[in-house]
Protein chains: 2
Amino acid sequence: MGRQNRQKIMQDGDDKKDGAETVKGTQTLMRALDIMDEVIDGPIRAADLARKLGMSKTTAHRLVQALKSRNYLSVTRDGFALGPKLLQLGVLATEQIDYVRVARPFMELLSERTGFCVFVGKREGDWSRHLERVTGTQRLRVATAPGDRRPVAETGLGKALLLDEVEATWERLYVEAKDGKVTPAQIQAYVAEMRGHKARGEVLHDSELGDGVRSIAVPIRDAKGQICIAISIASAAHYLTDDLRPGLAEQVMRSAELISGAVGYSGPR
Amino acid sequence: MGRQNRQKIMQDGDDKKDGAETVKGTQTLMRALDIMDEVIDGPIRAADLARKLGMSKTTAHRLVQALKSRNYLSVTRDGFALGPKLLQLGVLATEQIDYVRVARPFMELLSERTGFCVFVGKREGDWSRHLERVTGTQRLRVATAPGDRRPVAETGLGKALLLDEVEATWERLYVEAKDGKVTPAQIQAYVAEMRGHKARGEVLHDSELGDGVRSIAVPIRDAKGQICIAISIASAAHYLTDDLRPGLAEQVMRSAELISGAVGYSGPR
DNA sequence: GCGGGACGTTCCATATAGAGGAAAGCATAT
DNA sequence: ATATGCTTTCCTCTATATGGAACGTCCCGC
């Protein structure tokens with residue numbers, strides 16, 4: 001039985017035996033939510049649900065009727081599908097969600113594993129805003145504080161936030177960040193560099209302030225597949241060396257994927 | 001015990017989304033969904049949930065933990081909020097939903113109450129596509145069939161679909177529909193008319209084909225607040241007279257509101 | 001026409017899942 | 001320090017949810 005898009009989303013980060021921790025005394029609810037999970041894969045008939053989930057037809061029927069009566073499911077020609085109530089909840093959840101809160105535990109984990117400072121930030125128009133920081137175990141710390149705003153084109157976090165943009169936008173933002181004082185060759189180089197980042201899905205950035213700060217940044221995607229925030233690790237280039245880089249990039253990307261999953265991203269469609 | 005249940009009035013054919021119906025044997029699920037409904041209004045603490053919903057703190061706690069473990073809820077500084085799972089479900093529901101199927105029962109109701117033909121249609125670029133029709137009880141029927149496509153600016157349904165557009169767009173589409181053969185005065189008149197429709201949230205349209213067909217159309221909004229389809233009633237101007245119009249418009253608007261609600265719209269924000 | 005299979009629905013006796021009281025932790029306010 | 005309010009755990013008892021059985025309906029093949 002190809003079970004495929006079941007994703008386990010970490011919630012609090014500090015559960016020793018995460019696994020299948022079950023809140024007891026909620027069989028009915030859990031079964032109903034199992035049904036929702038099956039329906040995610042597309043319309044399905046009640047009898048199939050009963051089989052797949054190992055419950056009696058009666059129970060499947062009862063739960064499905066209950067969910068339908070609340071508009072969590074709707075009836076279609078070929079079985080039950082996700083219902084209109086979820087549209088409402090989805091939109092409201094989009095408004096209520098606090099990306100930083102979701103990302104926090106993952107940031108701590110990443111920081112713990114790598115020892116580096118971890119940041120998340122979001123895009124504000126042509127700017128990149130630092131939202132949260134977890135300081136690593138290293139003596140050397142990157143000073144950027146939550147709240148800081150920098151031109152989106154010239155930070156690692158910012159570049160990650162731009163990966164979905166078209167090249168013309170990269171160019172425009174780069175020129176604006178440099179206040180127009182750029183040569184065509186520099187623009188060329190910048191765009192080429194961004195192209196490389198995009199291909200790898202990961203940004204390696206050396207600070208242009210000459211302070212020797214280097215960072216690896218990766219975008220995080222929301223339920224709609226759009227980049228909503230980005231995560232990065234940063235340190236002195238002295239620590240974040242070229243030979244460490246592949247392994248670290250791998251870890252940052254994995255963290256980003258986990259966070260993306262936790263905010264509802266379900267892969268490119 | 002042995003309670004005799006003689007409540008068996010509702011045939012399955014016409015379930016109104018009133019919410020009064022109760023599927024028995026699902027207390028736990030229903031309570032959990034009640035919790036979701038409360039959380040919709042914003043973050044809320046477990047104890048408040050218990051009070052509002054008339055359940056023990058223990059029960060509220062258990063359900064809330066269960067919902068959290070499935071990511072239907074998330075914990076915030078000031079209580080429980082909608083969780084990331086809903087982002088995923090919301091997006092998927094958006095893809096799966098069949099507006100016509102949702103609208104159908106409401107169309108039938110409206111047709112039954114008014115006696116007129118009822119239509120729904122959606123916008124396809126600069127065109128309006130008729131999606132579904134429910135023929136009324138009147139001898140005279142409007143011939144427009146599902147599948148028909150007309151310039152969006154020159155049907156009642158189409159105009160309703162345009163109510164959110166800026167005036168420049170109204171003008172452009174009107175001119176295009178008329179193949180450019182319009183005087184500035186006509187454009188002025190058209191835009192003024194649309195302004196009136198927008199103000200009332202309802203379109204009164206007399207066919208420009210000279211066949212004496214008149215319609216009342218109202219837009220339907222999706223969970224994001226955007227106009228996704230529109231509903232209309234149509235008949236000969238002879239039947240759809242000026243004195244009937246206010247009452248009919250009222251009924252069409254109410255239907256549109258109900259359908260909007262059924263597809264997740266929750267009012268202007 | 002008839003019989004068999006699949007699905008949705010209703011009924012009912014029963015076991016068990018879930019409700020809630022009581023009380024222990026944990027904060028933040030007075 | 002004491003108090004107030006929230007979360008969390010434990011435990012008992014019954015209201016609740018469960019699944020087998022049976023019925024209605026549709027569709028297919030014979």
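Just so it is clear: chains get the letters A, B, ... in the order the sequence lines come, proteins before strands, and each one is counted from 1.
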**Study point:** Over 12 non-hydrogen atoms of neighbours within 6.0 angstrom of CD in A/E108
**Key:** yes

Check your understanding: Please give, in whole Å, the distance from D/dT16 C1' to B/L63 CG?
Key -> 14 Å

Point to revise | Base C/dG21 to side chain B/S56, donor-acceptor N/O within 3.5 Å cut-off | key: no

Review point. Would one find a side-chain N or O of B/H61 under 4.0 angstrom from OP1 or OP2 of D/dT8?
Key: yes

Check your understanding: So, A/S111 side chain and A/C117 main chain: donor-acceptor pair closer than 3.5 Å or not?
Key -> no

Check your understanding: Separation of B/L29 atom CG from C/dG18 atom C1', in whole Å?
Key -> 13 Å

Review point. Do other residues, nucleotides or ligands put more than 12 heavy atoms under 6.0 Å from the CZ atom of B/R150?
Key: yes

Check your understanding: Taking N and O atoms by type only, does the side chain of A/K57 place a donor or acceptor under 3.5 Å from a partner on the base of C/dG8?
Key -> yes

Practice item. Using atom CE of B/M30 as one end and atom C1' of C/dA19 as the other, report the distance to the nearest whole Å. Key: 18 Å

Check your understanding: Has B/R113 got more than 12 heavy atoms of other residues, nucleotides or ligands less than 6.0 Å from its CZ?
Key -> no

Exercise for review: To the nearest Å, give me how far apart CE (A/M55) and P (C/dT16) are.
Suggested key: 18 Å

Practice item. Pull out every residue in residues 40-50 of chain B that has a heavy atom closer than 4.0 Å to any atom of DNA chain D, ordered by number, or say none. Key: B/R45, B/A46, B/A47

Check your understanding: Looking only at N and O atoms, is any donor in the side chain of A/T58 or the base of D/dG20 less than 3.5 Å from an acceptor on the other one?
Key -> yes

Exercise for review: Using heavy atoms to find the nearest nucleotide of DNA chain C for A/R51 and A/T28 separately, return the residue whose nucleotide is more 5′.
Suggested key: A/R51

Study note, to complete from the structure: One should read off an interatomic distance between B/N71 CG and B/L87 CG, to the nearest 0.5 angstrom, of 10.0 Å

Check your understanding: Quick one: A/R31 CZ to D/dA17 C1', roughly how many Å, whole number?
Key -> 9 Å

Exercise for review: Tell me whether the OP1 or OP2 atom of D/dA15 has a side-chain N or O from B/Q27 closer than 4.0 Å.
Suggested key: no

Exercise for review: Round to the nearest Å and state the distance from B/K68 atom NZ to D/dT7 atom P.
Suggested key: 12 Å

Review point. What integer distance in Å separates A/R77:CZ from C/dC7:P?
Key: 16 Å

Exercise for review: Measure the CG-CG distance between A/D37 and A/L49 for me, rounded to the nearest 0.5 Å.
Suggested key: 11.0 Å

Check your understanding: So, B/R31 and B/D34, do they make that salt bridge, N to O below 4.0 Å?
Key -> no

Revision key, fill the gap. In whole angstroms, the gap separating C1' of D/dT8 from CZ of B/R62 amounts to 12 Å

